[in-house]
Amino acid sequence: MTSFPVVLSAPSGVGKTTIARRLMGQRDDVGYSVSCTTRAARPGETNGVDYHFLAEDEFLRRKDAGEFAEWALVHGKHYGTLRSEVSQVLSTGRHVLMDIDVQGAAQFASSFTDSVLIFVLPPSVDALVERLRQRKTETDAQLAERLRNAHAELKQVERYHHVVVNDDLDTAVGQVSAIIDVEGLNRSRVHALDAQVSGLLERLEEQIASYQL
Ligand code: 5GP
């Protein structure tokens, strides 16, 4: 099976990080690319697991050194995907799952053209606001900024290959998992397809010839 990058994007609070975690617990053939960010860690987040938390100057140094496959300014903070994280996971034969914003997703897909882009939608705006409020990690001003960004991000949905609505978590995880399975069967990804089909054709020709005797 050919491995490929899977990009999950969604407005903040839709639950894509929870979907990603749940999926990682269910599938051994998917690895996660831990992003870098200059935002502060939230309570319960661990450096190197949730994110690599970097100081601004360190992030910029690594950006200038070309270490990021994509990077973006989101909600006033830098976020980026390390090339080394992506290649490390792909080198183990697993798909690499990434949680990146819409600007970063477009950048990433332009260099990793085999990427599968999945957009996760909230079931409603009320549900989105409620989830952001329950998190209690944002001030009202930050919450308003996240909603403004959500408005802009939703308009980018047409750049994505698939859309999943996160109403029920188990259903959403199952749908992302099904997308990965189906994409693995995409003709362009089937390993050594030409050789496989040539073998079948040759054998068929032998059979046809034998029936003509
Ligand atoms: P949060 O701060 O809530 O964890 O994430 C805020 C936003 O940053 C989310 O939309 C998330 O998808 C995005 N994000 C997380 N990691 C990356 C990354 O490596 N690159 C980009 N471009 N966006 C990211």
Side-chain angles (χ1 to χ4, degrees), residues 5-24 31-56 58-60 62-63 65-90 96-112 115-122 128-157 159-160 162-164 166 172 176:
V6 179
V7 176
L8 279 187
S9 296
S12 180
V14 170
K16 64 186 173 309
T17 312
T18 315
I19 294 175
R21 277 205 198 110
R22 192 66 84 87
L23 194 72
M24 301 294 304
Y32 189 68
S33 160
V34 180
S35 294
C36 295
T37 183
T38 59
R39 80 152 164 77
R42 297 190 185 118
E45 285 184 332
T46 309
N47 192 21
V49 175
D50 298 286
Y51 281 104
H52 300 292
F53 294 100
L54 302 182
E56 192 70 30
E58 172 71 358
F59 189 100
L60 296 178
R62 297 180 79 159
K63 172 174 88 63
E67 291 187 27
F68 293 116
E70 63 74 34
W71 65 273
L73 251 184
V74 187
H75 314 131
K77 299 290 178 186
H78 279 108
Y79 291 79
T81 304
L82 288 169
R83 291 181 191 283
S84 57
E85 287 272 340
V86 177
S87 51
Q88 191 276 327
V89 176
L90 290 177
V96 58
L97 183 64
M98 276 161 294
D99 166 349
I100 55 186
D101 87 310
V102 292
Q103 317 162 61
Q107 244 183 85
F108 185 86
S110 66
S111 43
F112 290 78
S115 302
V116 174
L117 307 181
I118 307 174
F119 199 93
V120 188
L121 288 173
L128 179 65
V129 172
E130 187 51 32
R131 279 188 207 164
L132 283 171
R133 281 197 181 287
Q134 272 175 5
R135 211 154 75 172
K136 295 194 175 95
T137 49
E138 279 95 10
T139 61
D140 277 358
Q142 284 168 333
L143 202 140
E145 192 187 0
R146 286 183 185 247
L147 294 180
R148 268 196 300 277
N149 284 340
H151 190 273
E153 284 165 351
L154 275 177
K155 292 185 184 164
Q156 305 294 321
V157 72
R159 295 186 178 184
Y160 287 73
H162 304 274
V163 176
V164 166
N166 187 17
V176 172

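Atoms within a ligand are numbered from 1 in the order they appear, just like the ligands themselves. Just so it is clear, the structure is predicted and the values come from calculations on it, not from any experiment.
No side-chain N or O of T18 forms a donor-acceptor pair with one of R131 less than 3.5 Å apart. Neither side chain, Q107 nor Q103, offers a donor N or O lying under 3.5 Å from an acceptor on the other.
Protein neighbours of ligand 1 below 4.0 Å, counting non-hydrogen atoms: A10, K16, S35, R39, R42, Y51, E70, A72, V74, H75, Y79, G80, T81, D99, I100, D101, G104, R146.
A salt bridge links R42 with E138; the closest basic N to acidic carboxylate O contact falls under 4.0 Å.
With sequence neighbours excluded, the residues that form a ring-ring contact (aromatic ring centres under 6.0 Å, His included) with H78 are F59, W71. Partners of R21 according to the salt bridge (charged side-chain N to carboxylate O under 4.0 Å, His left out) rule, which considers only residues two or more places apart in sequence or in another chain, are D50. Here E145 pairs with nothing under the salt bridge (charged side-chain N to carboxylate O under 4.0 Å, His left out) rule; sequence neighbours left out.
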